[in-house]
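Numbering of ligands and ligand atoms starts at 1, following listing order. Residues take their numbers from the sequence shown, with the count starting at 1.
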Amino acid sequence: MDSAYDDKFDTEAIAPITEACGAYYLELWHGATIAFKDMALSILPHLMTTAAKKNGRTEKIVILTATSGDTGKAALAGFADVPGTGIVVFYPKDGVSPVQKLQMVTQRGDNTCVVGIEGNFDDAQTGVKKLFTDERVRGELAAAGYVFSSANSINIGRLVPQIVYYVYSYATLLREGKIKDGDEINIVVPTGNFGNILAAYYARAMGLPVKTLICASNENRVLYDFFGTGAYDRNREFILTSSPSMDILISSNLERLIYHIAGDDADKDRELMAKLLSEGRYEITPSMREQLTMFHGGFATEEETLAEIGRVYRQAHYLIDTHTAVASAVYAAYREKTGDATPTVIASTASPFKFPRAVAQAIDVPADGDDDLALAAKLAEVTGRTLPKAVRELSSAPVRHSGICAIDGMEQAVKGFLKI
Ligand SMILES: *Cc1c(COP(=O)(O)O)cnc(C)c1O
């Protein structure tokens, strides 16, 4: 724990809470890569290497990761130069922000490999899952002394550390006298792969007094539709938005929730997931739906997202990123509609400086001809904030990874890196 949550974070609080516009923003982006993925991925390598040692495993662990932008860099930062591990990251070549891409392709460490794929995040994630479950590939790896593991939220080692900060947010509000012991809170999570909000669901299941879990989507509103209708349907256009880390149509961790609401029934879960694979669609039963009453689904359009960044900045002089803005906008609409005044924690998942173009546009800072790094610097100056080190160091970092592959070239890319 001490090696995970040290001065890689730019604040001793690790996950500070800022009150603005009638909500509590739980800032999860003070780590090395300025997104919430650092919260779990700072500790995952420690958990993994300790577990391997305890279990007497001697193979080299190869971390295979698909990223919609933030997991990749956070995993690379966590695993770079960790003895006994190697890491391969696949990102959608045209589906991440310029800062996210620069962060990844400049990654140091001889055990790291970063490859852009000619497809979207769902293609990357499906490809990685295929490699994981392919007996032939696993056998070839084992023969060469390797074993696959994941840094994606399909790895429970990602979700467990995420449960902690929801409990911590409650304890903080209690300590600061904002709530009384036993009071309920709402939690709002900007959602893509359904990992972060599932961690909040687990915290609730463990006894945290949570009234409503508000699942916020961007224009890829497949989860909003799911909570509204009980039908999950990925047969729709994949939209590239200003919150790229949520541009996902197959929310991997929903599978875990489905398992629980089916009565911890793995067969039923498998049946529905098989349908998702073959038809791109499945529907849950009315009795399963009844167990979702603690969830509220909402979504924000691109326009609403930018307007929310502007509103929060004007009203509270508080700067939020595009992902957090999706959650913030969904919460504002929820509160307006329901009048629910329960104290509410919004998971703030990335630093605004990671997405400077959209944020600058939202608060009327002219972009002129600036590239994203120059724009981030300008944004810091105009808003009187310190430009995070993670962005500052990018301008001088050499590009070390330039690999691109087709969707069906992922296996070859991994083998090439491992020289097998
Ligand atoms: C990954 C990510 C999300 C979505 O989190 P999930 O656990 O995939 O639902 C939201 N915001 C940011 C900034 C992210 O990096």
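Contact residues for ligand 1 (protein heavy atom closer than 4.0 angstrom to any ligand atom): Phe36, Lys37, Asp70, Pro190, Thr191, Gly192, Asn193, Phe194, Gly195, Asn196, Ser245, Met246, His323, Thr349, Ala350.
Applying the side-chain hydrogen bond (donor to acceptor under 3.5 Å, both in side chains) test to residues at least two apart or on different chains, the pairs with a partner in residues 356-367 are Arg357-Asp372. Pairs engaging residues 149-163 under the side-chain hydrogen bond (donor to acceptor under 3.5 Å, both in side chains) rule: Ser153-Asn253 [sequence neighbours left out].
For Arg281, the side-chain contact (heavy atoms from CB on, under 4.5 Å) partners two or more places apart in sequence, or in a different chain, are Ala231, Asp233, Asn235, Glu283.
Lys129 and Ser252 are linked by a side-chain donor-acceptor pair at a separation below 3.5 angstrom, with hydrogens and angles left out of the test. For Tyr334 and Asp340, the side-chain atoms include at least one donor-acceptor pair closer than 3.5 Å.
Between Phe355 and His323, the ring planes lie tilted relative to each other; the angle falls in the 30° to 60° range.
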